[in-house]
> 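Below is a structure I'd like to ask you about.
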Amino acid sequence: METRYDPHGVEGRWQETWEAEGLYKAGAGARSDESFVIAVPPPNVTGELHMGHALNGSIQDSLIRFHRMRGFDTLWQPGYDHAGISTQNVLEKQLLAEGTSRQEIGREAFLERTWTWLEQTGRTIMGQFRRLGCSLDYSRERFTMDDAYVESVMTCFVRLWDAGWIYRANRIVNWCPYHQTAISDLEVEHVEMDDALTYACYPFVDGSGGITVATVRPATILADVAVAVNPNDARYKDAIGKEVVVPVVGRRVPVIADERVEIDFGSGALKITPGHDPTDFEIGRDHGLPTLTVIGLDGNMTADGFEGLTQKEADDRVVAWLKEHDQLEKRESYRHSVGTCERCHSRIEPLVSLQWWCRMDELARPAIERLKERDVRYHPESQHRFAIESLENAPDWNVSRQIWWGHQLPVWTCPDGHQTCAWPPPSACAECGSGELEREPDVLDTWFSSALWPFATLGWPNETPELERYYPGDVNVTAREIIRLWENRMIFSGLFLMGDIPFTDVIITSTVMAADGRRMSKSLGTGIDPLEAVDKHGADATRYGLLKMSSGQDPRFAWDKIDEGAKLANKLWNVARLILTNSEGQTPVMSPQELEETWIVGRIDEVRQQIERDLPAFEFAAVADALYHLTFDDFCDWYAEAIKPRLYDGDERATGTALAALERLLALLHPMMPHVTEEIWSQFHDSRLIVSPWPDPLPGAGDLTRVQEAAVTFRRSGVLVELEGDEKRIFDAVVKPERAKANGDADAERERLRREIARAEGMLANDKFTANAKPEVVEAEREKLERYRRELDAIS
RNA sequence: GGGCGCAUAGCUCAGCGGGAGAGCGCCCGCUUCACACGCGGGAGGUCCCUGGUUCAAUCCCAGGUGCGCCCACCA
């Protein structure tokens, strides 16, 4: 006989059955109008399931299944993000390998190719979510590039434009020379790098010596328009207002004063290059200085006489010039952090370019208010303040990208330069009526479309029944680093377009680290594939393990936890076999007449209450732990052992109640471990557990706390505590059969009780305690003292 | 530089004002008719350090030390 539960086969079968029977669909099993909605964070259309997705999915599915069983009209919305830069990156690499490029094949062919490729290889994660048993409504899959979704994105842009919050401006941006596009600050990854810090002397025009500046990018000297010093820096007081000569190019530029210059760094004097440095750009702007550009969009030089050189080559030429003219003071090695593109790791070029921006102040204000009102709550609490602060400090949003894969801006320009923003595409210029319109080539930042996810997936801007029914949603589950990129933007977009917040609770999941505490990453080789865990121990075990790891901020991945889940599934499977093989053809009848039955029913109900309290509080690890111990300690070790003889005898009352108790246990476990529970359920039901009602409170399940405390004392020391009436009967029936230890340990127990009594007496004798402590605490202490005394008497 | 967090049994972690816990590992004993992914028993801990608050501190507060993650324009 098979004695070990094998999840393989079982899990896949249920995943197919649930979906085929429509039980994943929105509203399946609903017994109320109240909805419970989660929109899955749309994974990259080209992505693969990683540990973060698996944890995230386990959390969301346990919430969804719990609410579905409780009768809510649940919707777990699936779908994909087109992931602009990331996807384009993959395609460009392919082209490069074929010896061509996107520029060579052209925009139209490139997009066609991207779609074709996605048909073949994209959209794999939803299949992987299925393997975890995630009950998303897969029939409602959405993609941010679908026609209907494009409609939402365009409409949103037009609304923002009409509100006056979109503008175009030349600003310094993070330019990725590989991708040939601007990227946001949040897409820049800072890495420590070793560079040389070059100290160069800029002679005063009047011949009275010079001023030394420090730079890591000598090539940018060619674009210098000033030298700045701190107004409080005594060393340079006299220099302010003088002119210096920029090396190599011989330009005369002023020495200006600005508080943003750090006195302590380098020489204390800063060369100002507005065209190629963000701080310099601001300083230059504030002092009315010109902006010069010497580096092109490809990252190479454009300055006279330097055309086409790499920056490295230009650096060398400039340094050589300095040396030759005795203006090179020194070069020292310098370790600092440098911005790189998170996709291709190219060094970011701060470049001035024309970009589209979205003003943030008006959009952010109501979002900040609602967050402060706690209408949207972050979990853990510590992230709430961060979310508010990051909204308060949000700079204007650069929404344009110079790539091709994405939502092209709905802005058209006529030959006279008039711009029209409209959707659907206008046929003529709004100002002059010209029919010769050219569409803006830029596309929108990927997060622009993600921000609309909670309602664009429901059909907005059309007034669909789904939108009416499922907006606003309830919970959003995501990672810490996404708060500013996504959460904040969903909140303000929801308020702007829908007039309401998209959800009430945001769960920021922990980041599961590798076993050695480092971040899981492909390049470090520290990643663990969650599907490997599923292959090994099944989805139920994996889900259990991940929920166990979900507490804390950066827990380490531990196979132990997955193994624990596998053991739990196996234990459950086996105790079910015990009960089911001995109750052939019987119906579950909850009639807890015998004492051990009263006991287990009470315990199950206690855990039911705990889950109802902890799951909505998002205490997933606590729920997993409680269910583990309920199953092992209470259901198997105590209850099942106690009723075994009656099961073998075919006692119908015992089997009926055992089936009923098993039913309830399976129901409680289902949100966390759906497959094994459904499999066992199917062996004595025609219905499906996934849509079965969550257990109701059981009247008379009773308060067994005193019995439990006595049981703990008994198990720890073998000492019998005096109980009376029903409590004594339950205790004797369930606890006493455990083999008591020899009375040898009673000495230790007596000692412990004496210590406790002394402690409690001391406290109660202390006026400060009795006067200041809460009355119920004092009362509890009195009761404890009495009990300790009774216990001590009982064993003396 | 800023923010968040962690330091508790050999390992991974829970507990967070009045009894120091779990899982795994380890030791001993069990082919007991659901389960060796099992059953019974056991060893193992100045709860990072120093102060403070309190009748009482692993738990609260301050400082220190050591880690980790996120964020950040010192050229």
Side-chain angles (χ1 to χ4, degrees), chain A residues 1 3-5 172 174 185-186 188 190 197-198 213-217 220 228 260-267 269-273 277-282 334 336-337 339 350 380 382-383 385-386 389-390 479-481 483-484 508 510-511 513 515 517-519 537 541 548-549 551-561 563-582 621-622 625 628-629 632 636-637 640-641 644 647-648 712-713 716 738-739 741 752-753 755-756 759-760 762-773 777 780-781 784 788:
Chain A
M1 194 193 276
T3 57
R4 179 187 285 204
Y5 171 64
I172 195 148
N174 304 300
D185 291 346
L186 300 168
V188 175
H190 289 83
L197 190 58
T198 302
V213 303
T215 179
V216 289
R217 302 170 72 202
T220 63
R260 280 165 283 197
V261 179
E262 299 283 334
I263 295 176
D264 298 331
F265 187 87
S267 63
L270 174 66
K271 67 187 214 53
I272 300 299
T273 321
D277 183 277
T279 308
D280 294 6
F281 180 81
E282 288 174 18
Y334 175 54
H336 66 149
S337 69
S382 56
Q383 300 303 327
R385 207 185 77 224
F386 172 74
E389 282 173 4
S390 57
R480 210 157 56 243
E481 64 267 24
I483 291 176
R484 295 193 296 177
I508 300 301
S510 43
T511 306
M513 313 302 282
R518 286 185 299 168
R519 191 176 180 74
H537 288 307
K548 263 279 174 109
M549 286 174 232
S551 63
Q553 192 166 261
D554 303 308
R556 296 176 183 209
F557 183 86
W559 280 105
D560 281 5
K561 299 284 201 296
D563 293 343
E564 204 176 304
K567 278 174 50 182
L568 177 55
N570 183 59
K571 192 72 176 172
L572 190 66
W573 172 256
N574 275 295
V575 78
R577 272 199 319 133
L578 169 71
I579 294 170
L580 292 171
T581 55
N582 285 291
D625 192 63
Y628 182 92
H629 289 290
F632 265 84
C636 295
D637 291 358
E641 290 299 334
K644 243 183 197 174
L647 290 180
Y648 294 149
V712 168
T713 304
R716 189 168 53 213
E738 286 193 0
R739 263 158 285 165
K741 285 178 56 183
R752 187 183 75 83
L753 286 170
R755 260 194 336 232
E756 291 297 343
R759 181 184 59 75
M763 282 168 68
L764 290 166
N766 188 317
D767 292 344
K768 286 184 183 169
F769 172 68
T770 49
N772 301 328
V777 172
E781 209 52 49
K784 271 192 211 163
Y788 293 142

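Note that the coordinates shown come from a computational prediction; the quantities given were computed from them, not determined experimentally. First the proteins, then the strands, lettered A, B, ... as listed; each starts at 1. Below, all heavy atoms of this structure are taken into account, side chains as well, without hydrogens, waters or symmetry copies.
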> List the atom of A:M549, the atom of A:A558, and the distance in Å for their closest heavy-atom pair.
CE-O, 3.4 Å

> Counting just side-chain N and O atoms, does A:K571 come under 4.0 Å of either OP1 or OP2 of B:C39?
yes

> Determine the interplanar angle of the A:Y628 and A:F632 rings, folded into 0 to 90°, and report it as parallel if under 30°, tilted if 30 to 60°, perpendicular if over 60°.
parallel

> Kindly indicate whether the side chain of A:P555, heavy atoms from C-beta on, has any atom under 4.5 Å from the side chain of A:K561.
no

> In whole angstrom, give the distance that lies between atom CG of A:D637 and atom P of B:G38.
10 Å

> Would you measure the distance from the C1' atom in B:G51 across to the matching atom in B:G41 and give it in whole Å?
44 Å

> Send over the distance from A:E641 CD to B:C35 P, rounded to a whole Å.
11 Å

> For nucleotides B:G23 and B:G40, find the distance between their P atoms and express it as a whole number of Å.
11 Å

> Where the side chain of A:N570 meets the backbone of A:Y5, is there a donor-acceptor pair that is under 3.5 Å apart?
yes

> Could you measure between the two C1' atoms, the one in B:C35 and the one in B:G3, and give it in whole Å?
49 Å

> Given that A:N582 and A:S382 both sit by RNA chain B, which one's nearest nucleotide is further toward the 5' end?
A:S382

> Rounding to an integer number of Å, can you tell me how far A:W559 CH2 sits from B:G25 C1'?
18 Å

> Does A:A515 or A:L578 map to a spot on RNA chain B nearer the 5' end, using the closest nucleotide for each?
A:A515

> Please give me the minimum heavy-atom distance between A:A541 and A:G565, naming the atom from each residue.
CB-C, 3.7 Å

> How long is the line joining OH of A:Y628 and P of B:C13, in whole Å?
18 Å

> Taking the side chain as every heavy atom from C-beta outward, state whether A:D560 and A:K548 have any pair of such atoms under 4.5 Å apart.
no

> So A:P555, base contact, sugar-phosphate only, or nothing? Heavy-atom distance under 4.0 Å.
sugar-phosphate

> Determine the contact category for A:D563: base if any of its heavy atoms lies under 4.0 Å from a base atom, sugar-phosphate if only primed atoms, P, OP1 or OP2 are that close, otherwise nothing.
nothing

> Taking atom C1' in both B:G17 and B:C71, what distance in whole Å separates the two?
35 Å

> Identify which nucleotide among B:C35, B:G40, B:C33 has an atom closest to any side-chain atom of A:Y648, counting heavy atoms from C-beta outward.
B:C33

> Does the pair A:R519 and A:M513 meet the rule for a side chain to side chain contact (heavy atoms under 4.5 Å, CB included), with working shown?
CA-CA 5 Å; A:R519 191 176 180 74; A:M513 313 302 282; 4.0 Å; yes

> State whether A:Y5 places a side-chain N or O below 4.0 Å from either non-bridging phosphate oxygen (OP1 or OP2) of B:A34.
no

> Which nucleotide in the set B:C4, B:C35, B:C11 lies at the smallest distance from any side-chain heavy atom of A:D560?
B:C11

> In dot-bracket form, how is RNA chain B paired, counting a Watson-Crick or G-U wobble pair only if both its distances are under 3.5 Å and using | for bases paired to another strand?
((((((((.[[[[.)..(..]]]].(((((.......))))).....[[[[[..)....]]]]])))))))....

> Can you tell me how far P of B:C37 sits from CG of A:L572, to the nearest Å?
17 Å

> What distance, rounded to whole Å, do you find between the two C1' atoms, one in B:C4 and one in B:C73?
22 Å

> Given A:R577 and A:T3, is the side chain to side chain contact (heavy atoms under 4.5 Å, CB included) satisfied, shown in steps?
CA-CA 9 Å; A:R577 272 199 319 133; A:T3 57; 4.1 Å; yes

> Tell me the interatomic distance from A:N570, atom CG, to B:A36, atom P, rounded to whole angstroms.
8 Å

> Round to the nearest Å and state the distance from A:F632 atom CZ to B:C35 atom P.
14 Å

> Apply side chain to side chain contact (heavy atoms under 4.5 Å, CB included) to A:D277 and A:K271, showing your working.
CA-CA 10 Å; A:D277 183 277; A:K271 67 187 214 53; over 6 Å; no

> Could you list the protein-to-nucleotides 7-9 of chain B atom pairs, N/O on both sides, closer than 3.5 Å?
none

> Measuring only between side-chain heavy atoms, which start at C-beta, is A:I172 closer than 4.5 Å to A:D280?
no

> Looking only at atom C1', what distance separates B:A36 and B:G29, rounded to whole Å?
14 Å

> Between B:G38 atom C1' and A:K644 atom NZ, what is the distance in whole Å?
10 Å

> Starting the side chain at C-beta, find the nucleotide from B:U12, B:A34, B:C4 nearest to A:N574.
B:A34

> Would you sort out whether A:H629 and A:D625 count as a side chain to side chain contact (heavy atoms under 4.5 Å, CB included), showing the intermediate values?
CA-CA 6 Å; A:H629 289 290; A:D625 192 63; 3.6 Å; yes

> Across the strands shown, which category fits A:T273 at heavy-atom distances under 4.0 angstrom: base, sugar-phosphate, nothing?
nothing

> Treating primed atoms plus P, OP1 and OP2 as sugar-phosphate and everything else as base, which nucleotides of nucleotides 69-75 of chain B get B, S or - for protein heavy atoms under 4.0 Å?
SSSSBBB

> Which atom names give the shortest non-hydrogen contact between A:T220 and A:R217, and what distance separates them?
OG1-O, 2.7 Å

> Taking all non-hydrogen atoms of both residues, which atom of A:L578 and which atom of A:N582 are closest, and how far apart?
O-ND2, 2.8 Å

> Taking only the P atom of each, what is the distance from B:G45 to B:A9 in whole angstrom?
10 Å

> Specify the closest pair of heavy atoms between A:I483 and A:I508, including all atoms of both residues, with the distance to one decimal.
CG1-CD1, 3.7 Å

> Please state the P separation for the pair B:C27 and B:G66 - nearest whole angstrom.
37 Å

> Would one find a side-chain N or O of A:K548 under 4.0 angstrom from OP1 or OP2 of B:A14?
no

> Determine the contact category for A:H629: base if any of its heavy atoms lies under 4.0 Å from a base atom, sugar-phosphate if only primed atoms, P, OP1 or OP2 are that close, otherwise nothing.
sugar-phosphate

> Verify the contact: side-chain N or O of A:R556 to OP1 or OP2 of B:G68, cut-off strictly under 4.0 Å; return yes or no.
no

